[in-house]
Participant: 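My questions will all concern the structure given below.
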Amino acid sequence: MTSTGRGIRRVCALAAVTAAATLGATGSAPAATKWLCGPGVAHDPCRPSLSTTFYRGWDARAGSSTPRRDRDRGVACFYVYPTVSNQQSRLATKRVDPEIRSIALYQAARFSQLCRVYAPVYRQATVPALQAGTTTRRDYLTAYGDVENAFDAFLRRIGRHRGFVLLGHSQGSYHLERLIRRRIDNHRALRRRMVSAVLLGGNVTVRERSDRGGTFRRVPTCRRTTQLSCVLAFSTFNETPPAASLFGRGASRVADFLGLPEGSKVEAACTNPAALGSSRSATLSSVVPTQPFAPGTLIAAGISLLGLQWPAASTTFVQSNGAFTGRCSRAGGAHVLRIASAPGTPVPKASPTPDWGLHLVDANIAQGDLVKVLRSQIRAYARR
């Protein structure tokens with residue numbers, strides 16, 4: 001490990017110790033939904049310019065352009081961001097901090113070429129609380145309550161006749177899993193309106209070698225690009241996950257807090273968006289913003305530990321086609337998206353520890369492929 005890497009990890013560790021002494025739940029009463037992204041939001045981070053510099057492989061420049069936003073096909077998107085708040089409390093307030101805006105740009109903005117993205121600000125369990133190990137079931141249920149209330153507000157805003165896509169990562173995925181279980185899985189009308197759910201890094205489970213029967217009874221994982229009312233889910237690693245890995249094994253503390261099913265008869269779902277319904281290896285289309293993640297935050301420190309310095313460009317995004325390949329793998333008893341670096345592509349390091357794998361790139365490593373799948377699904381929904 002480099003001295004820089006050791007220094008960053010010491011900073012993270014110090015932050016965790018400091019947080020443990022000061023963290024406390026905010027305990028404030030619920031309020032009306034506050035929107036990070038959506039119609040009427042000024043400086044919406046989910047709706048930037050889509051200007052993109054394209055690369056073949058890691059760094060062979062192939063030109064630049066600005067993808068056009070698709071015409072409205074009667075589908076809106078609801079995004080719930082992951083654990084990202086740097087606030088020194090167990091539960092974040094609804095303040096829109098720089099890291100909240102950054103994560104929306106990194107994870108949700110690219111989907112604005114397909115749908116209008118709505119994203120609520122919610123009182124989430126924070127990064128310092130996660131590091132300090134002080135989060136509680138009540139904290140996650142409070143956060144979930146904000147998400148469920150925002151989903152109801154979202155449905156009211158889009159009207160009864162629009163379809164919707166759910167987008168989440170990590171804590172955001174867990175909240176959406178609970179939402180689907182409670183509100184959609186057994187509700188035929190809402191299930192038909194759900195075009196797709198992208199639930200990354202959230203340990204969605206299925207019966208072994210099946211497409212459902214774990215987290216959800218009726219909502220399956222996606223096996224075709226035109227399949228509707230299904231789930232896209234994976235966690236990213238580039239080596240065999242350790243025995244204590246936090247992802248790919250279908251069990252977690254957060255899942256337990258939120259009442260999500262676990263057990264020996266289920267496994268984590270893996271749907272490779274570049275090769276749905278297959279375990280073959282396929283080239284991936286990776287998309288990342290050129291703007292650095294919110295400087296000085298713990299997530300920014302974790303991203304730096306990955307060791308991935310993407311090619312520089314003057315556009316909003318860079319898209320590297322074929323820099324990585326990926327396949328769903330069950331090596332080591334975990335079920336994950338196992339990626340490999342193509343020749344000339346740096347090999348990313350697990351961050352912040354090997355047990356996390358490449359969790360911090362889940363939403364970007366195959367973002368171009370996810371956009372393609374969702375475009376096919378939205379068009380199929382519009383034809384129905």
Side-chain angles (χ1 to χ4, degrees), residues 37 45-58 62 64-70 77 79-82 84 102-115 117 119 165-170 172-173 195-202 222 225 231-238 270-276 282-293 299 303 306 308 310-311 313 315-328 336-337 339 341-342 345 348 357-378:
C37 303
C46 295
R47 202 169 174 83
S49 165
L50 296 176
S51 62
T52 304
T53 301
F54 296 89
Y55 291 88
R56 288 188 301 273
W58 180 249
S64 61
S65 67
T66 300
R68 296 179 62 181
R69 287 190 164 91
D70 291 1
C77 290
Y79 167 64
V80 184
Y81 50 81
V84 70
S102 276
I103 202 66
L105 175 64
Y106 270 65
Q107 295 191 344
R110 192 69 177 195
F111 296 103
S112 71
Q113 68 190 95
L114 307 176
C115 56
V117 178
V165 172
L166 302 179
L167 304 169
H169 179 237
S170 196
S173 288
V195 178
S196 188
V198 179
L199 306 176
L200 307 180
C222 301
T225 59
V231 170
L232 294 153
F234 61 80
S235 292
T236 313
F237 285 77
N238 63 351
C270 179
T271 55
N272 181 353
L276 286 182
T283 58
L284 303 178
S285 177
S286 307
V287 181
V288 295
T290 56
Q291 178 180 305
F293 196 87
I299 294 298
I303 289 172
L306 292 166
L308 278 180
W310 296 85
T315 51
T316 308
F317 298 97
V318 295
Q319 180 166 328
S320 296
N321 298 319
F324 299 94
T325 59
R327 62 182 177 85
C328 288
V336 302
L337 183 67
I339 69 164
S341 298
T345 299
L358 301 178
H359 186 67
L360 296 179
V361 299
D362 281 340
N364 300 98
I365 199 69
Q367 194 172 102
D369 303 291
L370 288 168
V371 168
K372 289 178 184 177
V373 172
L374 287 184
R375 176 177 283 118
S376 295
Q377 291 175 318
I378 289 171

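Values below: every heavy atom of this structure, side chains too, minus hydrogens, waters and symmetry copies.
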Participant: Would you mind reporting whether H359 and P82 have side-chain heavy atoms less than 4.5 Å apart?
Facilitator: no
Participant: Checking Q319 against T52: is there a side-chain donor and acceptor pair closer than 3.5 Å?
Facilitator: no
Participant: For a quick test of reading the model, state the closest non-hydrogen atom pair linking S112 to C46 and the distance between them.
Facilitator: CB-O, 3.1 Å
Participant: Answer yes or no: is there a side-chain heavy-atom contact under 4.5 Å between S196 and L374?
Facilitator: yes
Participant: Using a 4.5 Å cut-off on heavy atoms from C-beta on, say whether the side chain of C37 contacts that of Y79.
Facilitator: no
Participant: Taking the side chain as C-beta and beyond, is there a heavy-atom pair between S285 and N321 under 4.5 Å?
Facilitator: yes
Participant: Run the side-chain contact (heavy atoms from CB on, under 4.5 Å) check on F324 and T236 step by step: do they pass?
Facilitator: CA-CA 12 Å; F324 299 94; T236 313; over 6 Å; no
Participant: Looking at every heavy atom in both N364 and P289, which two are closest together, and how far apart are they?
Facilitator: ND2-CD, 4.4 Å
Participant: Is L370 close to L200 at the side-chain level, that is, under 4.5 Å between some pair of heavy atoms?
Facilitator: yes
Participant: Can you give me the closest heavy-atom contact between P273 and V373, atom names plus distance?
Facilitator: O-CG2, 3.4 Å
Participant: How many angstroms lie between CG in L167 and SG in C77, if you round to the nearest 0.5 Å?
Facilitator: 5.0 Å
Participant: Just by distance, do the side chain of S173 and the backbone of G168 share a donor-acceptor pair under 3.5 Å?
Facilitator: yes
Participant: Between V84 and Y106, is there a side-chain heavy-atom distance shorter than 4.5 Å?
Facilitator: no
Participant: Between atom CD of Q107 and atom OG of S102, what is the distance when rounded to the nearest 0.5 Å?
Facilitator: 11.0 Å
Participant: Take N272 and L284 through the test side-chain contact (heavy atoms from CB on, under 4.5 Å) and record every step on the way to the result.
Facilitator: CA-CA 9 Å; N272 181 353; L284 303 178; 3.9 Å; yes
Participant: Side chain of R110, backbone of G368: donor and acceptor closer than 3.5 Å?
Facilitator: no
Participant: Would you compute the distance between atom CG of D362 and atom CG of L199 and round it to the nearest 0.5 angstrom?
Facilitator: 12.0 Å
Participant: Going by the angle between their ring planes, with limits at 30° and 60°, are W58 and W310 parallel, tilted or perpendicular?
Facilitator: tilted
Participant: Does the side-chain contact (heavy atoms from CB on, under 4.5 Å) test come out yes or no for T225 and K372, once each step is laid out?
Facilitator: CA-CA 8 Å; T225 59; K372 289 178 184 177; over 6 Å; no
Participant: Can you tell me how far the CD atom of Q113 sits from the CZ atom of R375, to the nearest 0.5 Å?
Facilitator: 5.0 Å
Participant: Would you give the length of the straight line joining atom CG of L337 to atom OG of S235, rounded to the nearest 0.5 angstrom?
Facilitator: 9.0 Å
Participant: Please report the C-alpha distance between S51 and T316 in whole Å, then the side-chain angles of each, then the deciding distance to 0.1 Å, and finally whether the side-chain contact (heavy atoms from CB on, under 4.5 Å) criterion is met.
Facilitator: CA-CA 5 Å; S51 62; T316 308; 3.1 Å; yes
Participant: So if I apply the side chain to side chain contact (heavy atoms under 4.5 Å, CB included) rule between F317 and each of T53, L105, T290, which one comes out positive?
Facilitator: L105
Participant: Holding to side chain to side chain donor-acceptor pair (under 3.5 Å), I want the full list of residues that pass it with R327, two or more places apart in sequence or in another chain.
Facilitator: none
Participant: Got T271 and V231 here, is their nearest side-chain heavy-atom distance under 4.5 Å?
Facilitator: no
Participant: Look up atom CD in Q367 and atom OG in S320, then write down how far apart they are to the nearest 0.5 Å.
Facilitator: 12.0 Å
Participant: Just wondering, do S341 and P348 contact through their side chains at under 4.5 Å, heavy atoms?
Facilitator: yes
